[in-house]
Each structure stands twice: as structure tokens, then as C-alpha cells.
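Side-chain atoms are counted along with the backbone in the values below, which use heavy atoms only and exclude waters and symmetry mates.
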Amino acid sequence: MLHVPRFITGNFKPHHLFLEDAEYGRALDALVKAVSDVLITSPDGSRVFLGKRKVHPQPDWWYMGGRAKPGESPQQAAARIMRRELCLQLPATRFEVIG
């Protein structure tokens with residue numbers, strides 16, 4: 001059997017419950033399904049811009065980014081995140097999906 005590494009956050013106890021369709025749909029909408037992390041470089045590509053995260057879970061240096069909302073393209077999510085994080089008004093067309 002293939003061993004797949006995973007994070008263990010504590011003792012998991014299953015909750016045996018059934019969600020009705022409408023509630024299940026709302027629960028799915030609340031889960032993170034995609035993220036858009038943004039690699040910001042200098043015009044010549046020689047430097048990378050990182051943000052210093054000040055809050056938990058990981059106060060450290062990171063790429064800008066965050067979760068995409070349902071229905072957003074990766075580029076739309078990136079533009080929204082740059083507006084929120086850096087107050088930059090950039091059109092979604094300025095972002096390129098690279099991975």
C-alpha cells in the first residue's frame with residue numbers, strides 16, 4: 001500500500017450525520033476548493049516580492065494569495081486578492097496562470 005504523507009491535527013472523531021441537499025450545498029460552498037497565489041516579480045524578473053504574514057497559523061514570509069470564490073477564475077481571484085492585500089487595482093488580464 002502506498003503511504004501518502006498528511007498533516008495530523010489531533011485525534012479525529014467521525015461525526016455520523018447526514019446533511020440535507022441544501023445544507024450540503026452551502027457546506028460545499030464554504031470549503032476551499034481552489035487558491036490563487038501570486039508570484040510578484042520586479043520588471044526584469046530578477047527579484048520576487050513576498051509579504052510578511054503577521055498572524056497565525058504561520059507568521060512568516062509568503063507569496064500573496066488566498067482562496068478563490070466559487071465561480072471565480074484564477075485570474076479574477078488573483079486580482080481580488082491583490083486589491084485586498086495590497087490595494088492594487090489590477091485587471092484580471094494582468095495575471096497569467098503558470099501551474
Q) Quick one: hydrophobic cluster around Phe18, which other residues, with the 4.5 Å side-chain cut-off, linked directly or via members? A) none
Q: Could you identify which residues cluster with Val97, counting Ile, Leu, Val, Met, Phe, Trp and Tyr as linked when any side-chain heavy atoms lie under 4.5 Å apart, either directly or through a chain of such contacts?
A: none
Q) Has Leu17 got more than 12 heavy atoms of other residues, nucleotides or ligands less than 6.0 Å from its CG? A) yes
Q: Hey, could you give me each pair passing salt bridge (Lys or Arg N to Asp or Glu O under 4.0 Å) that has a residue in residues 80-99? Not counting sequence neighbours.
A: Glu72-Arg80
Q. Which pairs pass salt bridge (Lys or Arg N to Asp or Glu O under 4.0 Å) with one or both residues in residues 15-35, sequence neighbours excluded?
A. none
Q: Could you grab the distance from atom CD1 of Ile81 to atom CZ of Arg67, nearest 0.5 Å is fine?
A: 10.0 Å
Q. Hey, does the side chain of Ser36 reach the backbone of Pro74 with a donor-acceptor pair shorter than 3.5 angstrom?
A. yes
Q.
Val48: which residues meet the side chain to side chain contact (heavy atoms under 4.5 Å, CB included) condition with it, sequence neighbours left out?
A. Leu39, Thr41, Leu50, Tyr63
Q: With sequence neighbours left out, write down each residue that passes side chain to side chain contact (heavy atoms under 4.5 Å, CB included) with Leu86, or none if nothing qualifies.
A: Ile40, Phe49, Met64, Met82, Leu88
**Q.** Shortest non-hydrogen contact between Ala68 and Ala77, atoms and distance
**A.** CB-CB, 3.8 Å
Q: Could you pull out all residues at least two apart from Asp44 that satisfy side-chain hydrogen bond (donor to acceptor under 3.5 Å, both in side chains)?
A: Ser42, Ser46
